[in-house]
Each structure stands twice: as structure tokens, then as C-alpha cells.
Amino acid sequence: PFSDNTSIVLEHNRPDYELNVSIKIYNSEGKMIRILQTKSFPGGFIMTPVIWNGEDENGQKVGSGVYLYSVTITSANGERAVASGRMIIL
């Protein structure tokens, strides 16, 4: 749970690859409210944390509740991994 912002830490098994990361955040009704994107560069199994400040795509703070997320990691050669989870804003 968090109230102001949260860090999303991702681990992967491709330390020698540049990876594209997309994190889609959804409200409890299933509406996508934010997309966070970053890259991971070769050199380790843990990516630099991705920070979500609790804002939607319009820069508005979202309310308390449960939020779902979907993470897609794609390598330059097209390999793709998808994972999902949930977060709670207090």
C-alpha cells in the first residue's frame, strides 16, 4: 500500500539485453488510467525502479482503492514477457 507514490521494481533474466518496459495501470473498473514506459540497459537482472506518482494520464491524483497493473517487457529480438499484479492506494 502507498499514499503518495510507489516504486515498481522489476527483475528479469536477460542481463545482456536492452529491454523495453511498458506498465499499464488500471482502476478497479478496468479502465486504463496510466502508462509508464522505460528501458533497461544491459548490466544486471534488476531494473532501475519505475516510479508511479499516483496520477492518471491527465496529471490528476487518483483516489484511494485497488489498482491493477500489467507489465510487458520486450527485447530487441522480439522476446516478450507479461506479468500482472495489484496495488493499493490508501
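Nothing here was measured: the structure is a model prediction, and the numbers come from that model.
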Test ring-ring contact (aromatic ring centres under 6.0 Å, His included) applied to Tyr67 - qualifying residues, sequence neighbours left out
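Applying ring-ring contact (aromatic ring centres under 6.0 Å, His included) to Tyr67 gives Trp52.
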Does [X] reach the side chain of [Y], with side-chain heavy atoms less than 4.5 Å apart?
X     : Y     : value
Gln60 : Glu55 : no
Val62 : Ile33 : yes
Ile8  : Ile23 : yes

Could you list all the side chain to side chain donor-acceptor pair (under 3.5 Å) pairs where at least one residue sits in residues 24-34, not counting sequence neighbours?
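Counting only pairs at least two positions apart or across chains, the side chain to side chain donor-acceptor pair (under 3.5 Å) contacts touching residues 24-34 are Arg34-Asn53.
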Taking only distance into account, with no hydrogens and no angle test, what donor-acceptor pairs under 3.5 Å do side-chain atoms of residues 78-90 form with protein atoms, sequence neighbours excluded?
{"residue": "Glu79", "atom": "OE1", "partner": "Arg14", "partner atom": "NE", "Å": "3.2"}
{"residue": "Glu79", "atom": "OE2", "partner": "Arg14", "partner atom": "NH2", "Å": "2.9"}

Out of curiosity, Met32 CE to Ile25 CD1, how far, rounded to the nearest 0.5 Å?
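The distance works out to 10.5 Å.
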Evaluate the side chain to side chain contact (heavy atoms under 4.5 Å, CB included) criterion for residues Val21 and Val71: first the C-alpha distance (whole Å), next the side-chain angles of each, then the deciding distance (0.1 Å), finally the verdict.
CA-CA 7 Å; Val21 179; Val71 178; 4.2 Å; yes
Would Asn20 and Ile73 satisfy side chain to side chain contact (heavy atoms under 4.5 Å, CB included), going step by step from the backbone distance to the final call?
CA-CA 6 Å; Asn20 294 309; Ile73 301 174; over 6 Å; no
Considering all heavy atoms of both residues, which atom of Leu36 and which atom of Ile51 are nearest to each other, and what is their separation?
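Taking Leu36 first and Ile51 second, the nearest heavy atoms are CD1-O, 4.1 Å.
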